[in-house]
Amino acid sequence: QSVLTQPPSVSGAPGQRVTISCTGSSYNIGAGYDVHWYQQLPGTAPKLLIYGNSNRPSGVPDRFSGSKSGTSASLAITGLQAEDEADYYCQSYDSSLSGSWVFGGGTKLTVL
Amino acid sequence: QVQLVESGGGVVQTGRSLRLSCEASGFTFSSFGMHWVRQAPGKGLEWVAVISYDGSYRYYADSVKGRFTISRDNSKNTLYLQMNSLRGEDMAVYYCAKDQISCPALCHYYGMDVWGQGTTVTVSS
């Protein structure tokens, strides 16, 4: 199991708002390490979607937003579109044991 | 444009070795830390290894420690992953990814902003 916990799947109708949670611990998110989110469209490489908890790289629509509180983080997508159907991963740094970069298990977003 | 291109994947028998390469272009390769991340068939992303901009810091996931070695040649703008004693669970698409910013040692607080297209490693018994 992953150090960061995400729901396996979420779904929503076009135009709706969905959120994806990412739950960590006091060794990663709770220790103050930033959370980043990646979007992986089918058959493609991951793409940085949100960095530093809530910042969008240039070119990412403002329909995507991120937040962090305590040992958890969330990705919100508003005005859901068909092309948002993808896998989404959270990522942070974990300071336990020897330390490592860690990903969540991923969440499959289905646009109904 | 900023680009990472992996190569070196293929079919290899259990216990054998393989070396992956990742050629960078469009940015100052020698200024950025680099990662290898893998994805087993139908599974999520797994971080594998990181190397600092100058190669002085290297860290590995427990699952590959002692078997894999990350290295870089800044004169060739190329990142490498030497994989020894390959196991079935190493079968995956391997991506190289660039640190988002240039850090003095390792970037613990930043993401990976550029990814390659991936190279597939198949381990057969």
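Per chain, numbering begins at 1; letters A, B, ... match sequence-line order. Scope of the values below: all heavy atoms of this structure, side chains included, with no hydrogens, waters or symmetry mates.
When Y51(A), Y89(A), W37(A), W101(A) are compared by the number of non-hydrogen pairs under 4.5 Å with chain B, W101(A) comes out ahead. When each of E46(B), K65(B), H35(B), Q117(B) is checked for heavy-atom pairs under 4.5 Å with chain A, H35(B) comes out on top. Heavy-atom pairs under 4.5 Å with chain A peak, among G116(B), G111(B), G118(B), at G111(B). For the set P46(A), G105(A), G106(A), G32(A), the entry with the most heavy-atom pairs within less than 4.5 Å of chain B is P46(A).
Closest approach of A45(A) to W115(B), counting heavy atoms only: CB-CB, 4.3 Å. Looking at every heavy atom in both residues, F103(A) comes nearest to M112(B) through CZ-CE, 4.1 Å.
Proximity to chain A is limited to the backbone of K43(B), based on heavy atoms less than 4.5 angstrom apart. The contact between T44(A) and chain B is made entirely by backbone atoms, counting heavy-atom distances below 4.5 Å. For Y33(A), the parts sitting under 4.5 Å from any heavy atom of chain B are the backbone and the side chain alike. Contacts of V37(B) with chain A are made by side-chain atoms alone, with heavy-atom separations under 4.5 Å and no backbone atom involved. For a residue to count as touching a neighbouring chain, one of its non-hydrogen atoms must lie under 4.5 Å from one of that chain's; by this rule V114(B) does not touch chain A.
Residues Y53(B) and W36(B) do not share a hydrophobic cluster, clusters being chains of Ile/Leu/Val/Met/Phe/Trp/Tyr side chains in contact below 4.5 Å. Residues V35(A) and V10(A) are members of one and the same hydrophobic cluster, defined by side-chain heavy-atom contacts under 4.5 angstrom among Ile, Leu, Val, Met, Phe, Trp and Tyr.
Rounded to the nearest 0.5 angstrom, Q40(A) CD and L45(B) CG are separated by 5.5 Å. In this structure, OH on Y59(B) lies 11.5 Å from OG on S100(A), to the nearest 0.5 angstrom.
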